[in-house]
Amino acid sequence: MGADFQTDADMSNTVRSKSPSRIDFSGPLDWRRLVEWLQLDQVISAQEAQRITARCAQAESVQHPLLRLASVSVRRASDDKALDIELLTQWLAGRAGLDYLRIDPLKVDVGKVADAMSAAFAERHKILPVLVSTAELVVAVTEPFIIDWVAEVERQSRRTVRRVLASPLEIQRYTAEFFALAKSVKAANKAGGNSGGASFEQLVELGKSNKQIDANDQSVVQVVDWLWQYAFDQRASDIHLEPRREQGVIRFRIDGVLHPVYQMPIGVLNAMTARIKLLGRMDVVERRRPQDGRIKTRNPRGDEIEMRISTLPTAFGEKMVMRIFDPETAVKDLDALGFSGHDAQRWEALVKRPTGIILVTGPTGSGKTTTLYSTLKRVATEEVNVSTVEDPIEMIEPAFNQTQVQPQLDFGFPEGLRALMRQDPDIIMVGEIRDQQTAEMAVQAALTGHLVFSTLHTNDAPSAVTRLLELGVPAYLINATLLGVLAQRLVRTLCKQCRAPDPEAKREALAEVVKPWQINGAYKPFKPVGCVDCRMTGFMGRMGLYELLVVSEAFKEKVNREPNADALKRQAISDGMRPLRLAGALRVAEGLTVLEEILSATPPLS
């Protein structure tokens, strides 16, 4: 569903493991034969072989032999570890002299795969094409010793077939998914008469193409449903539908990085966009101006998922981005957010204050919203009234009273704050302080006995004070209301399944980055390796880095007498603030991330 991999090395989840005990064999696999080979290769003991034979002989089963063995928890002789289906498949690949493949759907071009052979042929032989290149067709198999189908595939495809061994579960799952998806896309494209999207001139005039696919066509519905479920399965935070001149492109953002997923006929992509706009209660006909919408659906686990939708007219049609808000990622625990013990205690004390302003700063995509919502959920008890004014409302939270600003109705942040003041709030969250009027209203709310949370776009925490001064807020009002500022960034964390100690990483290199600070204590650097779980990136998930400024009396003096960024930063550090880069360096020393991530995400120490 993305860029092709061209060589063996590029097939990122292939494991080469040729067993010295390989023997010639032909025909279908049998679980008894597998037990015999496991014992012969000294993977299991004789006693374990007897136990497995007794368990498997109790009842006949139509399961694949590997699945049957995995179900009885085969124990490895060397460490008594249970061999799951992946480990058993890897072992069998080595004995059969094949490469092992963990199928990564992000690296499979579904359109080419579906054209390589029919779904009926793939299901009959329990095989699945996974890579189609000019001269070669890579086919994942579950029966390594049955090759009677190879000659026919080579003749039909005019390519050399190379077999790899994959888990029977994966082949069964992706055979159904890939061919069903390709069938739906072809059906939708056919329904539209293979019409393309609007040209640039047509977009400027009316934004219309000659013939549009019905957004309610069953094939379009199936493709959209697949897209969402697949995005949830891949832990995507955003889905991008991008019209290009020749075709449409679908990309997922996973752990902050965009991945190509599928290339779609432009007519089908337009129909998908229309379908999603329809579900999001947006104007389907209007394609010349940006629109916003919201959709609720469910993931494969049955959990309710909310998506925020945004469209933007481009040269070749409407570009759509869907931001996914999964309740599983709406973290409530400060440790899970990435707070260190030092900052977690100070943040907890800060948010328990009854009145004042607390700001969260950082660039777009740095996790400010997650931090604010997680914090507000902790303080939103039945005894307090938590009200927000946002643009847009990121996540619907039942514990809050949330208001959407509507500039077209002259209802912006200042008007929203003014209205909230008459709603008897205890805690107010303002989506962003953008201008002097909003800043002044936030200050007035804090002065009249409310706890106010908001965000600013600044590089670090002390710069928030200078930004407020630039907006026209007097220093005495900042000192009277500002409680603290939290600056943050997001960095990728190393995959715990494959990370490895990095003997080449030197403490001196880390010390150079954090000068004049010093890092004491343990230094256990790790490096990314790459495995099937992290798609060979070496990273899995993201964590926050935080810089917490708590306003002290000495800091207030600096605001009055020397309100420049450098002086404020020095005072904040003397009051206990740890700069973002230092916070990141500590995470590198703990082996949670790497130095390159920290250098790219945090401002340098001055």
Taking the side chain from [X] and the backbone from [Y], do they hold a donor-acceptor pair closer than 3.5 Å?
X	Y	value
E597	R492	yes
R489	A601	yes
K277	D283	yes
E415	G412	yes
K368	G362	yes
R253	G256	yes
Q291	E286	yes
R353	L483	no
T481	L477	yes
R378	V351	no

Which pair of non-hydrogen atoms, one from [X] and one from [Y], has the smallest distance, and what is that distance?
X	Y	value
I309	G280	CD1-CA, 4.3 Å
L605	P579	CD2-CB, 3.3 Å
S387	L420	CB-CD2, 3.6 Å
M540	T493	O-OG1, 2.7 Å
T466	N564	CG2-C, 4.3 Å
I324	A231	CD1-CB, 4.0 Å

Atom [atom1] of residue position [X] - does it have more than 12 heavy atoms of other residues, nucleotides or ligands inside 6.0 Å?
X	atom1	value
R418	CZ	yes
R507	CZ	yes
Q408	CD	yes

Between [X] and [Y], does any side-chain donor sit less than 3.5 Å from a side-chain acceptor?
X	Y	value
E390	Q402	yes
D391	Q404	yes
D575	Q571	yes
N385	D424	no
T458	D460	no

Taking distance alone, no hydrogens or angles, what donor-acceptor pairs closer than 3.5 Å link side-chain atoms of residues 437-456 to residues at least two apart or in another chain?
{"from": "T438", "atom 1": "OG1", "to": "D435", "atom 2": "OD1", "distance (Å)": "2.7"}
{"from": "E440", "atom 1": "OE2", "to": "Q436", "atom 2": "NE2", "distance (Å)": "2.9"}
{"from": "T448", "atom 1": "OG1", "to": "Q444", "atom 2": "O", "distance (Å)": "2.9"}
{"from": "T448", "atom 1": "OG1", "to": "A445", "atom 2": "O", "distance (Å)": "3.0"}
{"from": "T448", "atom 1": "OG1", "to": "H450", "atom 2": "ND1", "distance (Å)": "3.2"}
{"from": "H450", "atom 1": "ND1", "to": "A445", "atom 2": "O", "distance (Å)": "2.8"}
{"from": "H450", "atom 1": "NE2", "to": "P425", "atom 2": "O", "distance (Å)": "3.4"}
{"from": "S454", "atom 1": "OG", "to": "V430", "atom 2": "O", "distance (Å)": "2.9"}
{"from": "T455", "atom 1": "OG1", "to": "G431", "atom 2": "O", "distance (Å)": "2.6"}

I need the [X] [atom1] to [Y] [atom2] distance, nearest 0.5 Å.
X	Y	atom1	atom2	value
I254	C534	CD1	SG	12.0 Å
M429	F400	CE	CZ	7.0 Å
T369	L376	OG1	CG	10.5 Å
H240	M320	NE2	CE	12.5 Å
N479	E553	CG	CD	8.5 Å

In terms of ring plane angle, is the pair F339 and Y546 parallel, tilted or perpendicular, where the classes change at 30° and 60°?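 Aromatic pair F339/Y546 classed parallel.
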
Regarding R499 and the six-membered ring of F526, is the cationic atom NZ or CZ under 6.0 Å from the ring centre and inside 45° of its axis?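 Judged by the rule, R499 and F526 form a cation-pi pair.
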
